[in-house]
Amino acid sequence: MPELPEVETTRRGILPHIKSRRVTKIILRQEKLRWPITPALAKELPGQTFRSVKRRGKYLLLGTDIGTLLIHLGMSGSLRIVDQKRPVGKHDHVDIVLDDGHILRYTDPRRFGCMLWLQSDIESHPLLRSLGPEPLGSQFTGVHLFDRSRKRVAAIKSFIMDSRIVVGVGNIYASEALFLSGISPKRAAGKVSLRRYQKLAECIRQILQQAIKAGGTTLRDFTDSNGNPGYFKQSLRVYGRAGLPCMTCKKPLKEIRLGQRSTVYCSTCQT
DNA sequence: ACTTCGACCTGTTGGC
DNA sequence: TGCCAACAGGTCGAAG
């Protein structure tokens, strides 16, 4: 489900509801996520007040005075603000009950997400330590992509989806950004010119910003923290459009697999 | 250091 | 209608 725009949409949605709110209790219905939810989390979070709600790549970082709650939504996770009367669904694994009676509810059918309690040096945590720059930050440039890609033979799509290179670019937006920049997803990362990487960096930034503005992409079930879908799906040019005409040249879009991910592109417009 | 691939899960879709 | 395989927005960690 969530790539960077969907995670950012979630962050913005929950921020006003949880900032400065104290956790009164936590209800664990299923602790087996990608990694198990630890007893330490259940023990230490109650009583704490959320001071900050940040994002690093696709990780959400909910800061308190004594630790940080790190949440990843995996492939199918979501966070919603609900009230206490809301019925509990099959995949509603965690409720974080707040002092105003609302609940921050974590739902995740596939359980690829995680919820970890971090104490001390967030930066050096193994999951965060090796992450590349934020695509919407000033560190992310065409020069950065060019420098990191020299001698690499992997397909450029796999390269830009590698979180050590740049965070937050998943299958949808990688496909879209490559279409916008006219680069074939199959091209070896190491054989792309600086000029083209500058264009690509610009397109990645642009597509992510537009998607955030639209509230993310809802394919089947993504909604923001209030239950509203995102409207970026209608702006997708290639993802999910295999066989349909290219919006530029009208030829049918092709579909291949790269790094086990389905990849749609235009073999005429992308070279 | 880089690349590939299996693994983790459930739900949906499409073919027969 | 049922069954089964394939696939889905992610990414870690082992192995080559």
Side-chain angles (χ1 to χ4, degrees), chain A residues 1-10 29-37 55-60 70-79 89-94 106-116 125-132 135 145 147-177 185-191 204 207-208 211-212 214-224 229-236 238-243 255-264:
Chain A
M1 172 223 288
E3 296 191 30
L4 187 147
E6 292 72 42
V7 178
E8 179 62 18
T9 297
T10 299
R29 300 187 189 86
Q30 168 63 275
E31 69 270 20
K32 288 183 185 168
L33 303 182
R34 190 180 216 284
W35 296 286
I37 294 175
R55 179 185 59 73
R56 178 74 177 96
K58 296 175 192 167
Y59 294 99
L60 287 166
L70 175 150
I71 299 172
H72 196 289
L73 301 176
M75 204 87 132
S76 58
S78 63
L79 282 171
K90 186 175 176 187
H91 303 295
D92 294 342
H93 306 313
V94 182
Y106 177 81
T107 306
D108 187 2
R110 292 178 72 181
R111 289 192 270 131
F112 283 2
C114 66
M115 196 174 282
L116 303 178
H125 187 277
L127 290 174
L128 304 177
R129 195 176 46 207
S130 309
L131 294 179
L145 290 177
D147 288 348
R148 293 295 304 269
S149 64
R150 291 310 86 186
K151 306 208 171 154
R152 291 180 69 148
V153 298
I156 189 167
K157 175 162 175 272
S158 306
F159 175 71
I160 60 172
M161 289 176 68
D162 181 340
S163 64
R164 293 166 302 185
I165 303 304
V166 56
V167 296
V169 182
N171 203 32
I172 297 178
Y173 300 111
S175 306
E176 295 299 311
K186 294 190 284 190
R187 184 165 288 279
K191 292 175 63 182
I204 289 173
I207 199 85
L208 294 177
I212 291 170
T217 297
T218 296
L219 291 180
R220 78 170 39 129
D221 59 4
F222 171 77
T223 66
D224 68 14
Y231 294 100
F232 200 68
K233 185 175 193 295
Q234 59 206 65
S235 305
L236 298 178
V238 287
Y239 184 88
R241 297 192 66 248
E255 179 162 21
I256 55 172
R257 291 193 81 77
L258 281 178
Q260 305 148 290
R261 311 303 297 277
S262 93
T263 303
V264 184

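Within every chain, numbering begins at 1; the chains are lettered A, B, ... in the order of the sequence lines, protein sequences first and strands thereafter. None of the values given here were measured: they were computed from a predicted structure.
- Closest to the side chain of A:Gln260, out of B:dT3, B:dC5, C:dA8, is B:dC5.
- Contact annotation: side chain of A:Arg34 to base of C:dT11, donor-acceptor pair present below 3.5 Å.
- Each of A:Asn171 and A:Leu131 has a nearest nucleotide on DNA chain C; the 5'-most of these lies closest to A:Asn171.
- Applying the 4.0 Å criterion to OP1 and OP2 of B:dG11, one finds that A:His91 has a side-chain N or O inside that range.
- The aromatic rings of A:His93 and A:Tyr106 lie tilted to each other, with the angle between the two planes from 30° to 60°.
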Verdict with reasoning, A:Arg34 to A:Phe112, per side chain to side chain contact (heavy atoms under 4.5 Å, CB included): CA-CA 5 Å; A:Arg34 190 180 216 284; A:Phe112 283 2; 5.6 Å; no
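- Nucleotides B:dA1 and C:dT11 place their P atoms 22 Å apart, quoted to the nearest Å.
- Per the geometry, CG belonging to A:Leu73 stands 10 Å off P belonging to C:dT11, to the nearest Å.
- Distances shown here put a side-chain N or O of A:Lys58 below 4.0 Å from the OP1 or OP2 atom of C:dG10.
- Counting only Watson-Crick or G-U wobble pairs whose defining distances are both under 3.5 Å, the stems of 3 or more consecutive pairs in DNA chain C are B:2-8 with C:10-16, B:10-16 with C:2-8.
- The CG atom of A:Leu127 sits 10 Å away from the C1' atom of C:dT11 (whole-angstrom rounding).
- Not one N or O on the side chain of A:Ser175 forms a donor-acceptor pair closer than 3.5 Å with the backbone of A:Val264.
- Proximity of A:Arg261 to the phosphate of C:dG9: a side-chain N or O atom is located under 4.0 Å from OP1 or OP2.
- On a pure distance criterion of 3.5 Å, no polar donor-acceptor pair joins the side chain of A:Arg111 and the base of B:dC9.
- Summarising the geometry, the separation between CZ on A:Arg150 and P on B:dC2 is reported as 13 Å, rounded to the nearest angstrom.
- Rounded to whole Å, the distance from NZ on A:Lys157 to C1' on B:dT4 is 15 Å.
- Residues forming a side-chain contact (heavy atoms from CB on, under 4.5 Å) with A:Ala174 (at least two apart in sequence, or on another chain): A:Lys157, A:Ile160, A:Met161, A:Val169.
- One can place CG of A:Leu4 at 13 Å from C1' of C:dG9, the figure rounded to the nearest angstrom.
- Rounded to an integer number of Å, the gap from CZ of A:Arg129 to P of C:dG13 is 11 Å.
- Distance from the side chain of A:Arg152 is smallest to B:dT3 among B:dT3, C:dC12, C:dA8.
- Around atom CZ of A:Arg150, more than 12 heavy atoms belonging to other residues, nucleotides or ligands sit under 6.0 Å away.
- Put simply, A:Tyr173 has no side-chain N or O that comes within less than 4.0 Å of OP1 or OP2 on C:dG10.
- Not counting sequence neighbours, A:Tyr239 has no partner by the ring-ring contact (aromatic ring centres under 6.0 Å, His included) test.
- If you check every strand for non-hydrogen atoms under 4.0 Å, A:Lys233 touches nothing.
- Put simply, A:Arg257 has a side-chain N or O that comes within less than 4.0 Å of OP1 or OP2 on C:dA8.
- Using a 4.0 Å cut-off, some side-chain N or O of A:Ser262 falls inside it from OP1 or OP2 of C:dA8.
- For the P atoms, the distance from C:dC7 to B:dC5 is 15 Å, rounded to whole Å.
- One can place CG of A:Asp108 at 15 Å from P of C:dG9, the figure rounded to the nearest angstrom.
- Side chain of A:Arg164, nearest nucleotide from B:dT3, B:dC8, C:dA8: B:dT3.
- Residue A:Arg29 holds its CZ atom at 11.0 Å from CD1 of A:Ile37, rounded to the nearest 0.5 Å.
- Scanning all heavy atoms of the two residues, the minimum distance from A:Leu4 to A:Pro135 falls at CD1-CG, 3.8 Å.
- Regarding A:Leu116, its CG atom lies at a distance of 14 Å from the P atom of C:dT11, rounded to whole Å.
- Here A:Asp162 pairs with A:Arg152 in a salt bridge; the nearest charged N to carboxylate O distance falls below 4.0 Å.
- In this pair, A:Phe112 does not lay its aromatic ring on the base of C:dT11; centres under 5.5 Å and planes under 30 degrees do not both hold.
- Distances from the side chain of A:Ala154 to the nucleotides C:dG10, B:dT3, C:dG9 place B:dT3 closest.
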